[in-house]
Protein chains: 2
Amino acid sequence: MQKIHWTPQRRAVYEVVKSAHDHPTASMIIDRLHARGHRFAYATVYNSLRYLAEAGVIRELRLGEGASRYDARNEEHQHIVCERCGTIEEVFEPVPAAWQKTVEANTGFVVTETQVVLHGVCPACRGEALRAHTPEAH
Amino acid sequence: MQKIHWTPQRRAVYEVVKSAHDHPTASMIIDRLHARGHRFAYATVYNSLRYLAEAGVIRELRLGEGASRYDARNEEHQHIVCERCGTIEEVFEPVPAAWQKTVEANTGFVVTETQVVLHGVCPACRGEALRAHTPEAH
DNA sequence: TTTCTTGCAAAACATTTGCAAATCG
DNA sequence: CGATTTGCAAATGTTTTGCAAGAAA
C-alpha cells in the first residue's frame with residue numbers, strides 16, 4: 001500500500017464512491033460530482049478512478065453488464081447480482097483459503113486476488129415470482 | 001437446455017470458439033472466421049455469440065480487460081489470469097458447495113451461477129522474476 | 001524547473017440497433 | 001406465408017489519448 005497523492009479531483013471522486021451504496025459506474029459518478037457542484041472532465045474522472053484502483057483505495061468491478069462499477073469497501077468481499085432486477089449485494093463470507101491453496105497447487109500460480117461474481121435471484125424477486133402463482137395475486 | 005436453432009453462421013462461430021484454446025474475443029473470432037473463408041457481419045457474429053451464450057453452449061467471460069472472451073468448455077470451471085503476461089488458464093477445482101450454501105443462507109439469494117476470476121502470477125513469469133535476481137541472469 | 005495532473009475534444013474500441021433483403025420452417 | 005436471421009452502416013456507450021495549460025514538488 002503505497003502513499004497516495006491526493007488531489008482535489010481524486011478526493012472528490014473518492015468521496016462519491018465511498019458515500020455510494022450502489023456500486024456506481026463512472027457515468028453515475030460523474031453525475032454525482034455534477035450534483036455536488038464539481039465539473040471535472042471525463043478523462044479526469046477516469047484517470048482518478050484508475051489511479052485510486054491501482055493504489056488499492058477502491059476496487060473496480062466488472063460485473064458482466066456494460067460499464068465498470070466501483071466500490072470503496074476495503075474488507076475482502078465478493079458480489080452477487082440478481083438476474084431479474086440487477087441488484088448487487090455484497091458477500092462477506094470469505095472464499096475458503098483451502099480452495100485457493102488447491103488452485104495454487106494445481107496451476108502453479110501464486111494467487112494475488114480472487115474476484116467472485118455470483119448470479120442468482122434475490123429474495124424480493126423470488127417473492128414476486130411466488131406471489132404471481134398464488135390465487136390472491138391479482 | 002433448450003433446443004438450439006443452428007444456422008451456418010452460428011455453427012461456424014461455434015466451431016471457432018470450440019477449436020480455440022485461448023478464450024478468444026469477438027474480434028479474434030471474426031479474424032479466424034475470415035481466415036476460414038467466412039465473412040460474416042460483425043452484428044451476425046455478436047448475435048451468434050449472444051445466442052449461443054444464452055443457449056448455454058458457450059460461456060461469455062468478462063475477465064477484467066477490454067472485450068468479452070468466449071469459452072466453449074462445458075464442464076464447470078473457473079479462470080485464472082496472469083497479471084504479468086495475461087495468460088488465461090482454466091481452473092477445474094470446483095468452488096466448495098458449502099461456501100455457496102452459506103452465501104445463499106446469508107443473502108437469501110438462490111445462486112444460479114458462480115464466476116470466479118483469480119489473478120496471480122503464472123509459473124513462467126515467476127520463473128523469470130527469479131532468474132532476474134540470480135547472478136548468472138545476464 | 002521538472003514532473004505530474006487537468007481539461008478538452010477527438011479517437012479508439014466494443015457492442016447494439018434499424019431496417020431491408022434473404023432464409024427457414 | 002410468417003417468423004427468424006443476416007448484412008450493412010450508422011449509432012451508442014465506455015474508456016483512452018494527444019496535447020496544451022496549470023499546479024505541485
Side-chain angles (χ1 to χ4, degrees), chain A residues 2-17 20 22-34 36-71 81 86 88 117, chain B residues 2-17 20 22-55 57-71 81 86 88 117:
Chain A
Q2 68 248 252
K3 197 162 157 295
I4 289 154
H5 177 200
W6 289 103
T7 66
Q9 290 82 345
R10 287 176 187 164
R11 192 170 294 284
V13 168
Y14 177 61
E15 289 303 326
V16 168
V17 177
D22 58 349
H23 306 85
T25 62
S27 69
M28 291 162 77
I29 292 166
I30 289 168
D31 290 348
R32 291 175 198 179
L33 286 166
H34 284 186
R36 294 181 182 199
H38 297 108
R39 188 162 291 274
F40 305 140
Y42 262 60
T44 302
V45 175
Y46 277 104
N47 283 342
S48 301
L49 288 169
R50 180 147 34 98
Y51 178 92
L52 294 170
E54 268 165 24
V57 184
I58 64 176
R59 254 219 287 179
E60 181 182 358
L61 308 174
R62 311 197 95 243
L63 297 181
E65 308 272 305
S68 287
R69 294 175 164 275
Y70 296 88
D71 183 327
V81 183
I88 301 161
V117 182
Chain B
Q2 67 246 253
K3 198 163 158 293
I4 288 153
H5 177 200
W6 288 104
T7 65
Q9 289 81 347
R10 288 177 186 162
R11 192 169 294 284
V13 168
Y14 177 61
E15 288 303 324
V16 168
V17 176
D22 59 348
H23 306 85
T25 63
S27 70
M28 292 161 79
I29 292 165
I30 289 168
D31 290 348
R32 290 174 200 182
L33 287 167
H34 284 185
R36 295 181 180 198
H38 297 107
R39 188 161 292 272
F40 306 141
Y42 262 59
T44 301
V45 175
Y46 277 104
N47 283 341
S48 300
L49 289 169
R50 180 145 34 98
Y51 178 91
L52 295 170
E54 269 165 24
V57 183
I58 64 175
R59 254 218 286 179
E60 180 181 358
L61 308 174
R62 311 197 94 245
L63 297 180
E65 309 271 304
S68 288
R69 294 177 164 272
Y70 296 88
D71 183 328
V81 183
I88 302 162
V117 182

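Throughout, a chain's letter reflects where its sequence line sits, starting with A, and its residues are numbered from 1.
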Seminar exercise, completed: Those residues at least two apart in sequence (or on a different chain) that pass side-chain hydrogen bond (donor to acceptor under 3.5 Å, both in side chains) with Asn47(B) are Arg50(B)
For this session: Report the distance from atom CG of Leu49(B) to atom C1' of dT5(D), rounded to the nearest whole Å.
Result: 15 Å
For this session: Please test Leu49(A) against Val17(A) for side-chain contact (heavy atoms from CB on, under 4.5 Å), starting from the C-alpha separation and ending with a verdict.
Result: CA-CA 9 Å; Leu49(A) 288 169; Val17(A) 177; 4.2 Å; yes
Exercise. Between His38(B) (NE2) and dT5(D) (C1'), how many Å, whole number?
Worked result: 16 Å
For this session: Could you state the atom-to-atom distance from CE of Met28(B) to P of dT15(C) in whole Å?
Result: 13 Å
Exercise. Atom CD1 of Ile4(B) and atom C1' of dG25(C): how far apart are they, to the nearest Å?
Worked result: 18 Å
For this session: Sequence neighbours left out, what passes side-chain hydrogen bond (donor to acceptor under 3.5 Å, both in side chains) with Arg32(A)? Give chain and number order.
Result: Asp22(A)
Exercise. Can you find a pair of side-chain heavy atoms, one from Ile4(B) and one from Tyr51(B), that are under 4.5 Å apart?
Worked result: yes
Problem set entry | For Ser68(A), side-chain hydrogen bond (donor to acceptor under 3.5 Å, both in side chains) partners two or more places apart | Glu60(A), Arg62(A)
For this session: Examine dT6(D): is either OP1 or OP2 under 4.0 Å from a nitrogen or oxygen in the side chain of Thr7(B)? Give yes or no.
Result: yes
Problem set entry | Per-nucleotide protein contact string for nucleotides 13-25 of chain D (B base, S sugar-phosphate only, - none; heavy atom under 4.0 Å) | -SBBB--------
Exercise. Between atom NE2 in His34(A) and atom C1' in dG7(C), what is the gap in whole Å?
Worked result: 12 Å
Exercise. How many angstroms lie between CD1 in Ile30(A) and OG1 in Thr44(A), if you round to the nearest 0.5 Å?
Worked result: 9.5 Å
For this session: Could you tell me the separation between the CZ atom of Arg11(B) and the CG atom of Leu52(B), rounded to the nearest 0.5 Å?
Result: 10.0 Å
For this session: Go through the structure and list residues passing ring-ring contact (aromatic ring centres under 6.0 Å, His included) with Tyr46(A), not counting sequence neighbours.
Result: none
Seminar exercise, completed: Rounded to whole Å, CZ of Arg10(B) lies from P of dT4(D) at a distance of 11 Å
Problem set entry | Beyond-backbone contact of Arg10(B) with Val13(B), side-chain heavy atoms, under 4.5 angstrom | no
Problem set entry | Estimated bend of the helix from dT1(C)-dA25(D) to dG25(C)-dC1(D) (axis per five terminal pairs, rounded to 10 degrees) | 40°
Problem set entry | Atom pair distance, as rounded to whole Å: CD in Gln9(B) and P in dA22(C) | 14 Å
For this session: Report the distance from atom CD of Glu54(B) to atom C1' of dT16(C), rounded to the nearest whole Å.
Result: 14 Å
